[in-house]
Amino acid sequence: MSEAKLKKSLSPMQVCALALGSIVGWGCFVLPGDLFLPSAGPLGTLLGFLAGAILISFVGVCYSYMVKYAPVAGGAFTYAYIGFGPTASFICGWALVIGYVAIVMIDIAALSLIFRFLFPGVFEFGELYTIAGWKVYMGEVLLMTAGTIIFGWLNYRSVGMAGKLQLILAFMLTFGIIAFFFGANSLDSAGISNLVPLFAENKSQAACVISIFALSPFLFVGFDTVPQASEEFAFDPGRCRNIMVISIFVGMMLYAMVMLGVAIAIPYPELLAKMEEMRNAGGHAWATGYVATLAFGKFGSVILACAVFGAVCTGINGFFVAASRLLLAMARGRILPEWFGRIHPTYHTPYNAILFTAVLALFTPFAGRSAVGWTVDMSSVGTGIGYIFTCLVTRRAILNSNTAAGRNLGLFCCIMGTICSILTLVLLLTPGSPAYISFAPRCVLALWVILGFIFYYSNKKEWSELSTEELSRNILGGADIQVLFKKDAGTRQPEKQLQA
């Protein structure tokens, strides 16, 4: 393994931007007209957002405990190792890999949507084929490929450079959403009456709320980019609790502002009907873009483009960081080949893990936006598994600690976070549930599970022969962080108390 180390260069503001920018991504602008309003209505969506943000914030508190306990790269993968050992950490890491890489792919695919809106027809040349109703053009393939290479290069060169860019893009994102919201409300046609019916028709109110709540792991997933980068904090890791919780609720408000802006401009059932007509006519139906044009005319394209471009780029950037640090941590434990764990001697970045993430993302332009959209559900499943492991390990760590301060509050957050995580998985994977994932994502998810079994047993011999002490030294960076499982009778690590 390389002797080079990750560089502590991320400031609190950069980490805030990392979390918020990763939370508010592609879905914030595309899903209001495609999913939120058709599936739940305005009030059903708002209640689903609120329920998800409250319960996911308990998960965020659990992550903050573990960041202080083990401020090293890997996030939930590392915590699963601390609590349950290498097999559990493999399951958690394998689930998170598809979750993180899927979001990178989703945001890269959204670049084509932005440019179709801003520059109609400019990049739609060299038609290749149609997949899931979406035409794939060579011009857009080149555009998305360039975007992938640029963000891969930024992350390859320096996490500090990526952090500074994230801060700029997060401001652009927030300003664009605020401008869009007030612009939509300034229309002569805007009014509260446009929000009726408050819930989707032909669906119970509870089902409306549940269908949005079940997507919480996808909607708010970006906060857990913070623990993935904890090894590169240039500040006290204890400050990350407020960063994560605040980012979740600010992200919820930004999601709500975009959805309400779309719904309030004109009666939203009319808007949805118009979007359906546009799709049937072969047009590019984008409800958020349509409302922005109503509010600002052609200038609306620029305002919305600032917001969407900021959201897409912060998502790509943030999950490049998360995915590469996860791969690095898995390689440190020999669960992935050592190649993934090499750190650049000059740039202090996990350059091979970044290159691998970029290569996977380069398949996105050829999949089409509709096909890549299937990964939304898979991302929710993968990150939900990571949340469960983190909450369960946090409970073990608190019970193992001799520190009484904040003990009951911590245990309560663990219970609530675990319930939230299990509930979202049940809703996504149970037939008949209002949030049951569709057939195509289930097939891809099943394939990923099969590949996981193959990879686990083909690589198990290498890491299973290592002692707990050696595994801990590789994954945790030393022997001063106590693991909470027993694998062998090796040297016991000195206890590290968990601070409340």
**Request:** Using modelled atom types only, decide if a donor and an acceptor are shared between the side chain of Y69 and the backbone of Q482 within a distance under 3.5 Å.
**Result:** yes
**Prompt:** Is the backbone of V72 close enough, under 3.5 Å, to the side chain of S230 for a donor and an acceptor to pair up by distance?
**Reply:** yes
**Asked** V15 and F235: side-chain contact (heavy atoms from CB on, under 4.5 Å), yes or no, with the steps?
**Response** CA-CA 10 Å; V15 175; F235 58 93; 3.7 Å; yes
**Request:** Would you indicate whether the side-chain heavy atoms of F84 and L392 approach each other to under 4.5 Å?
**Result:** yes
**Message:** If I compare all heavy atoms of L471 with all of P86, which pair ends up nearest, and what's the gap?
**Reply:** CD1-CG, 4.2 Å
**Asked** Taking the six-membered ring for Trp, are F389 and F77 ring centroids under 6.0 Å apart?
**Response** no
**Message:** Test: ring pair (Phe, Tyr, Trp, His ring centres under 6.0 Å). Region: residues 413-435. Which pairs qualify, not counting sequence neighbours?
**Reply:** none
**Request:** Evaluate whether atom NZ of K203 has more than 12 neighbouring non-hydrogen atoms of other residues, nucleotides or ligands under 6.0 angstrom away.
**Result:** yes
**Request:** Kindly give the heavy-atom pair with the smallest separation between A311 and T314, and that separation in Å.
**Result:** O-OG1, 2.9 Å
**Asked** Which residues satisfy the side chain to side chain donor-acceptor pair (under 3.5 Å) test with T145, sequence neighbours excluded?
**Response** none
**Asked** Under the ring pair (Phe, Tyr, Trp, His ring centres under 6.0 Å) test, which residues partner F49, sequence neighbours left out?
**Response** F36, Y255
**Partners meeting side chain to side chain donor-acceptor pair (under 3.5 Å) with S64 (sequence neighbours left out)** = R241
**Prompt:** Which pair of non-hydrogen atoms, one from I82 and one from A70, has the smallest distance, and what is that distance?
**Reply:** CD1-CB, 3.6 Å
**Asked** Which distance, rounded to the nearest 0.5 Å, do you find between the CD1 of I385 and the CG of L425?
**Response** 6.0 Å
**Prompt:** Can you name the residues that form a side chain to side chain contact (heavy atoms under 4.5 Å, CB included) with L50, not counting sequence neighbours?
**Reply:** I54, M252
**Item:** For A73 against T78, the heavy-atom pair lying closest together
**Value:** O-OG1, 2.9 Å
**Asked** Can you find a side-chain donor-acceptor pair between Y65 and T390 that sits under 3.5 Å?
**Response** no
**Request:** With rounding to the nearest 0.5 Å, note down the distance linking OG in S324 to OH in Y100.
**Result:** 11.0 Å
**Asked** So with a 6.0 Å cut-off around CZ of F309, is the heavy-atom count from everything else above 12?
**Response** no
**Message:** Would the distance check show the side chain of Y81 and the main-chain N or O of S472 forming a donor-acceptor pair, the cut-off being under 3.5 Å?
**Reply:** yes
Would you be so kind as to tabulate the donor-acceptor pairs closer than 3.5 Å made by side chains of residues 208-215, with sequence neighbours excluded?
from	atom 1	to	atom 2	distance (Å)
S211	OG	A207	O	3.4
S211	OG	C208	O	2.7

**Request:** Decide side-chain contact (heavy atoms from CB on, under 4.5 Å) for K164 and I168; before the verdict, give the C-alpha distance in whole Å, the side-chain angles of both, and the deciding distance to 0.1 Å.
**Result:** CA-CA 7 Å; K164 291 174 183 176; I168 295 170; 5.7 Å; no
**Request:** Given side-chain contact (heavy atoms from CB on, under 4.5 Å), test L411 with L399 step by step and report yes or no.
**Result:** CA-CA 8 Å; L411 291 174; L399 292 175; 4.1 Å; yes
**Request:** Tell me, please, which residues at least two apart from L254 pass side chain to side chain contact (heavy atoms under 4.5 Å, CB included).
**Result:** L20, V24, T174, I177, V250, M257
**Prompt:** Do F220 and I23 pass the side-chain contact (heavy atoms from CB on, under 4.5 Å) test, and can you show the C-alpha distance, the side-chain angles, and the key distance before you say yes or no?
**Reply:** CA-CA 5 Å; F220 304 112; I23 288 171; 4.1 Å; yes
**CZ-CD1 distance between F320 and I108, expressed to the nearest 0.5 angstrom** = 5.5 Å
**Item:** Exercise: identify the closest heavy-atom pair between L55 and C420
**Value:** CB-SG, 3.4 Å
**Asked** Is it true that a side-chain atom of R396 and a backbone atom of G83 form a donor plus acceptor pair closer than 3.5 Å?
**Response** yes
**Asked** Using 4.0 Å as the upper bound for N to carboxylate O, is an ion pair formed by E338 and R342?
**Response** no
**Message:** Any side-chain to backbone donor/acceptor pair from T349 onto H344? Under 3.5 Å, distance only.
**Reply:** no
**Item:** Main-chain N/O of I398 paired to S401 side chain as donor or acceptor, under 3.5 Å
**Value:** no
**Pairing residues for M13 by the side chain to side chain contact (heavy atoms under 4.5 Å, CB included) criterion, not counting sequence neighbours** = S11, L167, F171
**Item:** Contacts of L360 that satisfy side chain to side chain contact (heavy atoms under 4.5 Å, CB included) - sequence neighbours left out
**Value:** V101, F356
**Asked** What are the two closest non-hydrogen atoms of A76 and G386, and how far apart are they?
**Response** CB-O, 3.6 Å
**Asked** Taking only residues two or more places apart in sequence, or in another chain, which ones meet Q14 in a side chain to side chain donor-acceptor pair (under 3.5 Å)?
**Response** none
**Item:** Passing candidate, side-chain hydrogen bond (donor to acceptor under 3.5 Å, both in side chains) with E232, options K5, R325, K8, K7
**Value:** R325
**Prompt:** Just by distance, do the side chain of T430 and the backbone of L427 share a donor-acceptor pair under 3.5 Å?
**Reply:** no
**Complete:** Those residues at least two apart in sequence (or on a different chain) that pass side chain to side chain donor-acceptor pair (under 3.5 Å) with R473 are none
**Asked** Between CZ of F223 and SG of C240, what distance do you get to the nearest 0.5 Å?
**Response** 10.5 Å
**Complete:** So CG of L328 and CG of L6: to nearest 0.5 Å the spacing works out to 5.5 Å
**Request:** Measure the spacing between OH of Y387 and OG1 of T424 and express it to the nearest 0.5 Å.
**Result:** 8.5 Å
**Complete:** In short, side-chain hydrogen bond (donor to acceptor under 3.5 Å, both in side chains) pairs touching residues 439-457 with sequence neighbours left out are T87-Y456, Y436-R442
